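Below is one structure, written out as structure tokens; the observations come after it.
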Amino acid sequence: MNENKKWYQLSGTALSNLIVVLIGIAFYLALSNFGVIWSKIAVLLDIISPFIAGFIIAYLLNAPVNFFYRKVYHRIKHGRGLSILTVYIIAVLLLAVLILAIVPSVVESVQILFTNMSDYLANLNLFVQNLMDQFDVKNEEGINDLLVTYQDVMQNVSEMLRTALPRILDIGMAVGNWFIAVITAIISSIYMLLSKKAHLRQVKRLTYAIVPKKRMDWFSAVLHNANHIFLRFINGKIIDSAIIGVLCFVLCVILRIPFPVLVGVIIGVTNIIPFFGPFIGAIPCVMILVIVNPWAALRFLIMIVALQQFDGNVLGPKILGDSTGLSPLWVLVAIIVGGGLFGFIGMLLGVPVFAVIYAIVRDWVNRRLEKKGLSDIDTSDGEKPPKPHN
């Protein structure tokens with residue numbers, strides 16, 4: 001025992017035990033006051049949400065900015081600034097074209113749908129009565145009850161939207177706050193792109209000063225791998241969903257399905273969600289089309305099944321490839337868990353997040369097997385997840 005050791009100096013074991021006890025106490029207090037802590041976190045997230053949105057914008061636009069800088073402006077002074085300006089101009093023009101081309105048609109379709117709702121429901125009732133007469137259906141009472149229930153639901157939904165729409169349009173303060181948040185997000189994303197190297201260097205110096213070099217090298221490799229997975233998955237999903245939305249619109253026009261723009265937008269947006277996206281998008285479309293034209297709803301069902309088969313077997317693999325390295329079972333688990341915890345965002349980002357975790361665990365298992373001299377054990381299961389370098 002070291003006699004020069006002061007009474008307040010702790011050994012390594014005692015210090016570790018103390019840290020574990022303090023962490024346990026902190027965890028217990030956090031669970032006991034979870035509601036208060038979560039409310040404070042929600043307030044903080046609401047305050048910094050424009051900067052989070054700015055980071056997301058900068059992250060998505062970083063690849064095209066780098067492309068223009070390498071291919072066009074690399075020899076020009078302030079080339080990176082010109083690359084950022086070019087990408088933002090293109091993004092704004094594309095967004096303006098999409099808004100001008102899609103939003104008026106979608107708004108018009110919704111207005112027509114709500115205006116003619118009573119006529120559509122009357123036609124649906126007549127259609128069902130004709131089917132029952134044609135096929136000599138005797139259980140009219142149960143079918144009629146089901147039809148009346150369906151009509152009541154749709155009428156209630158339409159009435160609720162009619163009453164809510166004026167209130168939404170009259171909330172000027174919310175629109176103003178949203179506008180300020182959007183401007184803040186765009187400005188912050190521009191600064192992030194302009195000073196990306198400086199910010200990364202500051203973060204790198206800070207983390208290397210705190211974390212041991214060996215662990216930080218491994219963590220940097222993990223972040224590099226995660227960045228690769230996220231970029232490929234998100235960009236691929238956006239491109240894939242845009243193509244599916246356009247194809248759905250074209251097929252709706254060819255097959256004379258009502259409200260082709262509205263249906264195409266719903267299918268394209270929901271297709272971003274892996275696995276469940278086609279079903280989530282098809283349900284509201286079928287409910288709308290059954291009211292307007294039941295035969296069109298049947299054509300739509302056949303069309304959407306064929307379209308999703310094309311997406312799942314041809315288009316999706318061509319664009320996304322093996323960007324996550326997950327089997328269908330793990331994809332399903334990631335979507336359900338992510339959606340249950342974080343809703344739509346969780347369903348979208350659950351797959352790449354789980355892919356990163358899967359790759360880390362797979363890498364750890366392989367290294368442990370190598371240390372034990374068991375690396376020759378056959379652990380292949382048909383999956384090839386990307387692994388971070390040590």
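Counting from 1, the numbers follow the sequence of the chain as shown. Small disclaimer: the values here were computed from a predicted structure and weren't measured.
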Intermediate values then yes/no, side chain to side chain donor-acceptor pair (under 3.5 Å), Tyr73 and Thr86: CA-CA 10 Å; Tyr73 300 115; Thr86 302; 2.8 Å; yes
Give the intermediate values and the outcome of side chain to side chain donor-acceptor pair (under 3.5 Å) for residues Asp217 and Tyr208. CA-CA 9 Å; Asp217 289 340; Tyr208 269 94; 2.5 Å; yes
Test Leu247 against Phe310 for side chain to side chain contact (heavy atoms under 4.5 Å, CB included), laying out the working first. CA-CA 11 Å; Leu247 283 177; Phe310 167 74; 3.8 Å; yes
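Leu307 CG to Ile304 CD1: the interatomic distance, rounded to the nearest 0.5 Å, is 5.0 Å. Put simply, CD1 on Ile267 and CG on Leu251 are 11.5 Å apart, with the number rounded to the nearest 0.5 Å. Rounded to the nearest 0.5 Å, atoms OG (Ser83) and CG (Leu61) are 12.5 Å apart. Annotation: the span from Thr207 atom OG1 to Gln202 atom CD amounts to 11.5 Å, rounded to 0.5 Å. Distance check, rounded to the nearest 0.5 Å: SG of Cys248 to CG of Asp311 gives 11.5 Å. Atom CG of Asn271 sits about 4.0 Å away from atom OG of Ser241, to the nearest 0.5 Å.
Looking at heavy atoms from C-beta onward, Phe249 lies out of side-chain contact with Val263 at the 4.5 angstrom threshold. Between Phe68 and Ile90, the closest side-chain pair of non-hydrogen atoms falls below 4.5 Å. Contact of the Val356 side chain with the Phe230 side chain is registered, since non-hydrogen atoms from C-beta on lie closer than 4.5 Å. Between Gln308 and Ile244, some side-chain heavy-atom pair lies under the 4.5 Å cut-off. When side chains are defined from C-beta on, Ile25 counts as touching Val21, because their heavy atoms get closer than 4.5 Å. Within the 4.5 Å cutoff, side-chain heavy atoms of Trp218 are placed close to those of Asp363.
Residues Cys285 and Ile266 approach most closely at SG-CG2, 3.7 Å, considering heavy atoms. Smallest separation of non-hydrogen atoms from Arg299 and Leu255: NE-O, 3.0 Å. Nearest approach of Phe300 to Ala282, heavy atoms of both residues: CE2-O, 4.0 Å. Residues Ser188 and Pro50 share a closest heavy-atom pair of OG-O, 3.9 Å. The minimum heavy-atom distance between Ile99 and Pro104, with the atom names listed, is O-CD, 3.1 Å. Of all heavy-atom pairs spanning Ala58 and Met192, the tightest one is CB-CB, 4.1 Å.
Leu193 and Phe67 fall within the same hydrophobic cluster, where Ile, Leu, Val, Met, Phe, Trp and Tyr residues are linked whenever their side-chain heavy atoms come under 4.5 Å apart, directly or through other members. Cluster membership check: Phe219 shares its hydrophobic cluster with Leu206, using side-chain heavy-atom separations under 4.5 Å among Ile, Leu, Val, Met, Phe, Trp and Tyr. One hydrophobic cluster, built from ILVMFWY side chains closer than 4.5 Å, holds both Ile57 and Ile190. Both Leu262 and Val253 are members of a single hydrophobic cluster when ILVMFWY side chains are connected at heavy-atom separations under 4.5 Å. Under the 4.5 Å side-chain heavy-atom criterion for ILVMFWY residues, no single connected hydrophobic cluster contains both Ile234 and Phe55.
Between the side chains of Asn66 and Arg80, at least one donor N or O sits under 3.5 Å from an acceptor N or O. Side chains of Tyr88 and Ser189: a donor-acceptor N/O pair is present below 3.5 angstrom, by distance only.
For the pair Asn225 (side chain) and Ala221 (backbone), a donor-acceptor distance under 3.5 Å is absent. In terms of modelled atom types and a separation under 3.5 Å, the side chain of His199 and the main chain of Ser195 share a donor-acceptor contact.
Heavy-atom neighbours of Tyr59 OH from other residues, nucleotides or ligands within 6.0 Å: above the threshold of 12.
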